[in-house]
Participant: 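Following this message is one structure expressed as structure tokens.
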Amino acid sequence: MTVRLSYEDGTIRIEADEPLPPLPGVEHDDRGDVERAPAARYAEILNALEVAGLSVVDDVLDLPALSLSTDYRLREYQRKALEAWHENDDRGVLELPTGAGKTVIAIAAMAELGVATLVVVPTIDLLEQWVRELEREFEMPIGRFGGGTQKREPITVSTYDSAYLKADDVGDDFGFVVFDEVHHLGGEGYRDVARFLAAPARMGLTATFERPDDAHRVVEDLIGPKVYDVAVDDLAGEHLAPYDVRRIEVELTPEERERYENVQGTFVQYLRDSGLTLSSGSDYRKLVMRSGRDPRAREALLAKQEARRVMMNAENKRRELAEILDRHRDDRVIVFTAHTDLVYRLSERFLLPAITSETGTKERRETLERFREGTYSRIIAANVLDEGVDVPDANVAVVLSGSGSEREFTQRLGRILRPKDDGGRAVLYELVTADTAEERVADRRR
DNA sequence: TTGACTCAACATCCTTTGCTACAA
DNA sequence: TTGTAGGTTTCCATGTTGAGTCA
């Protein structure tokens, strides 16, 4: 019996003149009266057919061979990461800290495989960085999907959004796909990108693979499991700057304390009265759903938000920030907050250049450029600089307020870990209001 | 080409007690 | 006895992004 495989709109179409053995992910499609599977299953199906000893006519991919070479010399951990990935049949996720050189590993893999490759990234900024890097390394035109351009080349870089729009169209054009910041692939829509691509070789890159919603399980299914990880502490001192994390507790002012206890009390009282227990994120979602119908639930939720605002924007944090800025007069400092309006208030008070999501592309670029060249020695930002932006290195970070997200914390820490010329230590200050829920939030992210 | 705008998608959003069923 | 996993499904608010549209 001969089995014929072809690619069709994000799926693998399987035709055979006799009944087939069970194949991974394959279902019968009544419309065309054929068997079909998501394109992501291509490599597994091929393998299963081979094991069954069936002859296969494979029309899924028609890829030109590429001759690629790279001058990069991989560091030992980078080489080990690449080996681990090869050992898992060229599939899997590599978890390395920001600044550890993930791009270099992917480029080495591309050179070794020599097939058409799609790189998927979350932001335009990262798209530009990858294109620059790949053009320099391989000296060939690099395609791009995103930022208003749709141009395909044997090596193409795409945003997740554009890849989502084009995946079923170009799913048979690439033999290798690299997902940068692969944790995004857990998002409901984005997972289809990996599903529609037939590329047998798959690499995911991230600094923080696990997701609080467990969606990394889906990523494991589509890309492969985590095959290698190295922690910040393993590289600090040699390949990354040594660092200290200093937690500073501040007290609420009497007025803030009164306000906090009042609104936090409203929230907790509602939980008691309604019999809701919060032991996980899903319980919280339950509360959110309830708030759509129940005015008291809504009131409780708004009270909780107000409590967060009070503790995160505490007056004494500003006083502490003034001291830190004074102490680090000669250092390069990035201040992180969770709220846009606080960014602008502090920007005015301490004359700090500010960046938020409201800052236009041009102004944002200029501010970062001035920070890079040293005209500015300190900047303040909301969540914008957490990920997907090329931020010049600093040696002091001040986390004025943040979420309980481990990812956010790791990314912010990563901003100060580029090795220093003088071998100096980096410092991350974490300002936390005492006797509030923020202590728990801060514990959670660590 | 740009800038301003809308839209959709994604991420975070979490108390401090102690229920119930089941496995070690 | 002790420890721990169990169960949930459409949206209160804020921050952020990319794509698309239009002038």
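Here is the naming used below: chain letters follow the sequence lines, and residue numbers restart at 1 for every chain.
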Participant: With a cut-off of under 6.0 Å to the ring centre and 45° to the axis, is A/Arg332 in cation-pi contact with A/Phe371?
Facilitator: yes
Participant: Counting side-chain heavy atoms from C-beta on, which of C/dA13, C/dT10, C/dT16 comes nearest to A/Met289?
Facilitator: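 Ranking C/dA13, C/dT10, C/dT16 by closest atom to the A/Met289 side chain puts C/dT10 first.
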Participant: Of the candidate nucleotides C/dT8, B/dT15, C/dC12, which contains the atom at the shortest distance from the side chain of A/Gln264?
Facilitator: B/dT15
Participant: Under 4.0 Å between any heavy atoms, over every strand shown, what does A/Val288 touch: base, sugar-phosphate, or nothing? Just pick one.
Facilitator: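 A/Val288: base contact, heavy atoms under 4.0 Å.
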Participant: Can a side chain N or O of A/Thr340 be found less than 4.0 Å away from OP1 or OP2 on C/dT16?
Facilitator: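 Checking A/Thr340 against C/dT16: at least one side-chain N or O falls below 4.0 Å of OP1 or OP2.
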Participant: Could you pull out the protein-nucleic contacts involving nucleotides 5-10 of chain B (nitrogen or oxygen on both sides, under 3.5 Å)?
Facilitator:
unit_1, atom_1, unit_2, atom_2, d
B/dC10, OP1, A/Glu188, N, 3.4
B/dC10, OP1, A/Gly189, N, 2.5
B/dC10, OP1, A/Tyr190, N, 3.4

Participant: From the set C/dT17, B/dT15, C/dA13, return the single nucleotide nearest to any side-chain atom of A/Ala437.
Facilitator: B/dT15
Participant: In the structure I gave you, are the side-chain heavy atoms of A/Val227 and A/Leu94 within less than 4.5 Å of one another anywhere?
Facilitator: yes
Participant: Where along residues 116-123 of chain A does a heavy atom fall under 4.0 Å from DNA chain B?
Facilitator: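 None - not one residue of the stretch has a heavy atom sitting under 4.0 Å from the strand.
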Participant: Could you let me know what B/dT1 is paired to, Watson-Crick or G-U wobble, both distances under 3.5 Å, or none if it's on its own?
Facilitator: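 Its partner is none (no Watson-Crick or G-U wobble pair with both distances under 3.5 Å).
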Participant: How far, in whole Å, is C/dT10 from B/dA9 if one measures between their C1' atoms?
Facilitator: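 It works out to 14 Å between them.
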Participant: So which heavy atom on A/Leu352 is nearest to which on A/Ser347, and how close?
Facilitator: O-OG, 2.6 Å
Participant: Please determine whether a side-chain nitrogen or oxygen atom of A/Ser403 lies at a distance below 4.0 Å from atom OP1 or OP2 of B/dA11.
Facilitator: no
Participant: Can you tell me how far C1' in C/dT9 sits from the matching atom in B/dG18, rounded to whole Å?
Facilitator: 26 Å
Participant: Tell me yes or no: between the side chains of A/Tyr77 and A/Asp229, is some donor less than 3.5 Å from an acceptor?
Facilitator: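 No - no donor-acceptor pair under 3.5 Å links their side chains.
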Participant: If you measure from the P atom in B/dT17 to the same atom in C/dC11, how many Å do you get, rounded?
Facilitator: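 The same atom, P, in both gives a distance of 32 Å.
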Participant: Respond yes when some side-chain nitrogen or oxygen of A/Arg308 is under 4.0 Å from OP1 or OP2 of C/dC12, and no when none is.
Facilitator: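 No, no such contact exists.
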Participant: Return the 5'-most residue of the pair A/Leu165, A/Ser291 with respect to DNA chain C, ranking by each residue's nearest nucleotide.
Facilitator: A/Ser291
Participant: Within less than 4.0 Å of OP1 or OP2 of B/dT2, is there a side-chain N or O belonging to A/Lys362?
Facilitator: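 Result: no.
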Participant: OP1 or OP2 of B/dT12 sitting under 4.0 Å from any side-chain N/O of A/Ser405?
Facilitator: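 A/Ser405 to B/dT12 OP1/OP2: side-chain N or O found under 4.0 Å.
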Participant: Measuring only the C1' atom in each nucleotide, how far is C/dT8 from B/dC13? A whole number of Å is fine.
Facilitator: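 The answer is 16 Å between these two C1' atoms.
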Participant: What residues form a ring pair (Phe, Tyr, Trp, His ring centres under 6.0 Å) with A/Tyr164, not counting sequence neighbours?
Facilitator: none
Participant: Please check if any side-chain donor atom of A/Glu438 sits under 3.5 Å from a side-chain acceptor atom of A/Thr436, or the reverse.
Facilitator: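 Per modelled atom types, A/Glu438 and A/Thr436 side chains form no pair under 3.5 Å.
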Participant: Using atom C1' in both nucleotides, what's the gap between C/dA13 and B/dT16 to the nearest angstrom?
Facilitator: 25 Å
Participant: In whole Å, what separates the C1' atom of B/dT1 from that of C/dT21?
Facilitator: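 Result for the C1' pair: 15 Å, nearest Å.
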Participant: A/Ala382 has a side chain; which of C/dA19, C/dG15, C/dC12 sits nearest to it?
Facilitator: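 Output: C/dG15.
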Participant: Could you report the tightest heavy-atom contact between A/Arg418 and A/Ala241, atom names first, then the distance?
Facilitator: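 Result for this residue pair: O-CB, 3.7 Å.
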Participant: If you assign A/Arg298 and A/Thr356 each to the DNA chain C nucleotide with the nearest heavy atom, which residue ends up on the more 5' nucleotide?
Facilitator: A/Arg298
Participant: Given C/dG18, C/dC12, B/dT15, which nucleotide is nearest the side-chain atoms of A/Ile124?
Facilitator: C/dG18
Participant: Using every non-hydrogen atom in the two residues, find where A/Glu153 and A/Phe174 come nearest and quote the distance to one decimal.
Facilitator: O-CE2, 3.8 Å
Participant: Give me the distance, rounded to whole Å, that separates C/dT14 from B/dT15 when you measure between the C1' atoms they each carry.
Facilitator: 22 Å
Participant: Working note: A/Ser274 + A/Arg290, criterion side-chain contact (heavy atoms from CB on, under 4.5 Å); need CA distance, chi angles, decisive distance, verdict.
Facilitator: CA-CA 11 Å; A/Ser274 63; A/Arg290 218 183 258 198; 3.4 Å; yes
